[in-house]
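Values reported hereafter were calculated over all heavy atoms of this structure, with side chains retained and with hydrogens, waters and symmetry mates removed.
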Protein chains: 2
Amino acid sequence: MAIDKKEHIINVAIELFSEKGFEGTSIRDLAAKAAVNVAMINYYFGSKENLFKAMVEYRATYIRERLEEITNNTKTTEIEKLDAIIEHYVYRFLTHHKYHRVIHQELLLEQREEIHDTIIKVFSKNKDIIHAIIEKGIKRKVFKKVDIAFTIVTIIGTINQATLSRSMCSIMMDEGKDFDLYTDETFRKRIVKHLKQVIHSHLLIEQ
Amino acid sequence: MAIDKKEHIINVAIELFSEKGFEGTSIRDLAAKAAVNVAMINYYFGSKENLFKAMVEYRATYIRERLEEITNNTKTTEIEKLDAIIEHYVYRFLTHHKYHRVIHQELLLEQREEIHDTIIKVFSKNKDIIHAIIEKGIKRKVFKKVDIAFTIVTIIGTINQATLSRSMCSIMMDEGKDFDLYTDETFRKRIVKHLKQVIHSHLLIEQ
DNA sequence: GTTTAATTCAAACATTTGTTTAATATTTGC
DNA sequence: GCAAATATTAAACAAATGTTTGAATTAAAC
């Protein structure tokens, strides 16, 4: 019962923080939208900042499992692994775009140290996994000797740029305001296709 | 005299908004850091939001001029134009990273409609310029038939990802906290080299 | 069914917020 | 050098902020 309510508050927090930012969202906004009393948030989480922490940790490592699954599959080549990673990242960023927007904002602001560190740690581990795959591809001479760090920057940066801002996306796609990128299947496939193409021609020695 | 002071306040605003966000920065913080009376900000700009507007417009079109210069140069090929654009963007994002961080944040939040529209319009025009160059390259059959919109997303996304967050960058580069990416020349050259490489192999038909 | 613990609530708390005021100081135009 | 406009200030304003309180309600334990 209590857990359900906590989860409900966290989900409302994701919604509001992603729209208005952490400082832009008041406890009263939050309580109203979650249909609970203002005092409940402090009762459950202790403080607004602790709610934020709980929110961040709520989904912190949910990408990792899939990344490790992909890495540990011995039947796939390096480029197939990267393809799978691209597909998974795009899918996750689109379905959980609000959560990722909050995380992204906090990463930029570097205000709340503890939260920032949590995000950094999660990201760092995921980076290492991708790094290892590209490194192996280079060693096996199926990949060119590229700048691995920036190759990852391009993958994540492209996905972030395409999914984080609705209006930015509308401009890019020359789409109207009614177009919902977060549920549009052809849009998702278009990012994936493009990004795979970029990474393939960037990495593969012969194509 | 008045203009100098206005400019000074705007520069302090860029500094603080980029660190703490718009809602996270109080007029009193701002006044203290700018060493002016709190009332001066409303005296000069009317309101906190108007200061924000003034700040956004302050440098709104400063990239455009160079973009048009690059386009209008009849002696360069399409790929040379793109190379010049990449160099310029990276340079500008690094030297004015605080301003760009503020703009980026506002683009994500979509809170203040008027400001958001200004940013969108500026960005949209710049996009059109780059779009036209790639389109011409495709027509002239020196470029592959790529997804133009997402190619621009990759360019801007890579630069954003590499320059917007200091800590994100530190992870990526495996550098310590003392490393200052915004002034490091070899870092700048490394982004440019990587991004040119990515775009070349993505676009050019024979290399 | 009573006692104990957990939950919910409206109200109050002390700060902080953006903004305005009205008095004072400074600069400008002549 | 004087009048009018501009700039600067400390103080006050009302509204909003995160948090706490203490009583009331509900659930759990025995």
Side-chain angles (χ1 to χ4, degrees), chain A residues 1-58 102 105-106 109-116 118, chain B residues 1-58 102 105-106 109-116 118:
Chain A
M1 206 133 319
I3 300 169
D4 279 356
K5 203 156 222 165
K6 273 184 107 170
E7 233 182 90
H8 173 62
I9 292 172
I10 287 178
N11 282 321
V12 173
I14 293 177
E15 185 98 8
L16 284 180
F17 290 169
S18 83
E19 266 175 41
K20 302 155 167 267
F22 177 71
E23 351 271 345
T25 306
S26 77
I27 294 281
R28 281 170 184 81
D29 283 351
L30 235 153
K33 185 139 194 169
V36 299
N37 189 280
V38 255
M40 293 310 291
I41 284 141
N42 286 282
Y43 177 73
Y44 278 127
F45 299 95
S47 69
K48 192 189 175 190
E49 188 161 331
N50 278 347
L51 162 60
F52 197 4
K53 269 185 219 167
M55 194 223 82
V56 170
E57 275 155 20
Y58 179 51
V102 179
Q105 276 169 43
E106 192 57 20
L109 287 182
E110 316 191 21
Q111 285 289 86
R112 291 150 284 273
E113 213 186 326
E114 211 180 320
I115 296 173
H116 192 83
T118 306
Chain B
M1 207 130 324
I3 299 168
D4 278 356
K5 202 154 222 165
K6 274 184 106 169
E7 234 183 89
H8 173 62
I9 293 171
I10 287 178
N11 282 320
V12 173
I14 294 177
E15 185 96 8
L16 284 179
F17 289 169
S18 83
E19 268 176 39
K20 302 154 166 270
F22 177 71
E23 351 270 346
T25 306
S26 76
I27 293 282
R28 282 169 183 82
D29 284 350
L30 235 153
K33 186 142 192 168
V36 299
N37 191 282
V38 255
M40 293 309 293
I41 283 142
N42 285 280
Y43 177 73
Y44 277 128
F45 299 97
S47 69
K48 191 189 175 189
E49 187 161 333
N50 279 347
L51 162 60
F52 197 5
K53 269 185 217 166
M55 193 223 81
V56 170
E57 274 154 22
Y58 179 52
V102 179
Q105 276 170 44
E106 192 57 20
L109 287 181
E110 316 190 21
Q111 285 290 86
R112 291 150 283 274
E113 213 185 328
E114 211 180 319
I115 296 173
H116 192 81
T118 307

Pick the nucleotide of DNA chain D nearest each of Ala39(A) and Asp29(A); which residue has the one closer to the 5' end?
Asp29(A)
Separation of dT20(D) atom P from Ile41(A) atom CD1, nearest Å, is 13 Å
Under the criterion side-chain contact (heavy atoms from CB on, under 4.5 Å), I'd like the reasoning laid out for Val36(A) against Val12(A): C-alpha separation, chi angles, the key distance, then a yes or no.
CA-CA 11 Å; Val36(A) 299; Val12(A) 173; over 6 Å; no
For the CD atom of Glu106(B) and the CZ atom of Phe22(B), what is their distance to the nearest 0.5 Å?
8.0 Å
If you only use heavy atoms from C-beta on, which nucleotide in dT8(C), dA12(D), dT20(C) is closest to the side chain of Arg28(B)?
dA12(D)
What nucleotide among dT20(C), dT19(D), dT17(D) has an atom nearest to a side-chain atom of Ser47(A)?
dT19(D)
Figure out the NE2/P separation between His8(B) and dT8(D), and round it to whole Å.
12 Å
Using only side-chain N and O atoms of Asn42(B), determine if any of them is under 4.0 Å from OP1 or OP2 of dG18(C).
no
Rounded off to whole Å, could you give me the CZ-to-C1' distance for the Phe45(A) and dT20(D) pair?
18 Å
Distance in angstrom units between Ile9(B) CD1 and dT8(D) C1', rounded
12 Å
So how far is it from Met55(A) CE to Ser18(A) OG, rounded to the nearest 0.5 Å?
9.0 Å
Measuring from Ile10(B):CD1 to Phe17(B):CZ, what's the distance to the nearest 0.5 Å?
10.0 Å
Any strand, both distances under 3.5 Å, Watson-Crick or G-U wobble: dC30(D) pairs with dG1(C)
Round to the nearest Å and state the distance from Asn37(B) atom CG to dA12(D) atom P.
14 Å
From CG of Leu30(A) across to P of dT17(D) the rounded distance in Å is 11 Å
Quickly work out the Ile27(B) CD1 to dT20(C) P distance and round it to whole Å.
11 Å
Any salt bridge between Glu114(A) and Lys53(A), counting N to O under 4.0 Å?
yes
Nearest whole angstrom, please: distance from the C1' of dG18(D) to the OH of Tyr43(A).
19 Å
Lys48(A) side chain near dT17(D) phosphate (N/O to OP1/OP2, under 4.0 Å):
no
Under-4.0 Å side-chain N/O to phosphate OP1/OP2 contact, Tyr44(B) with dT8(D):
yes
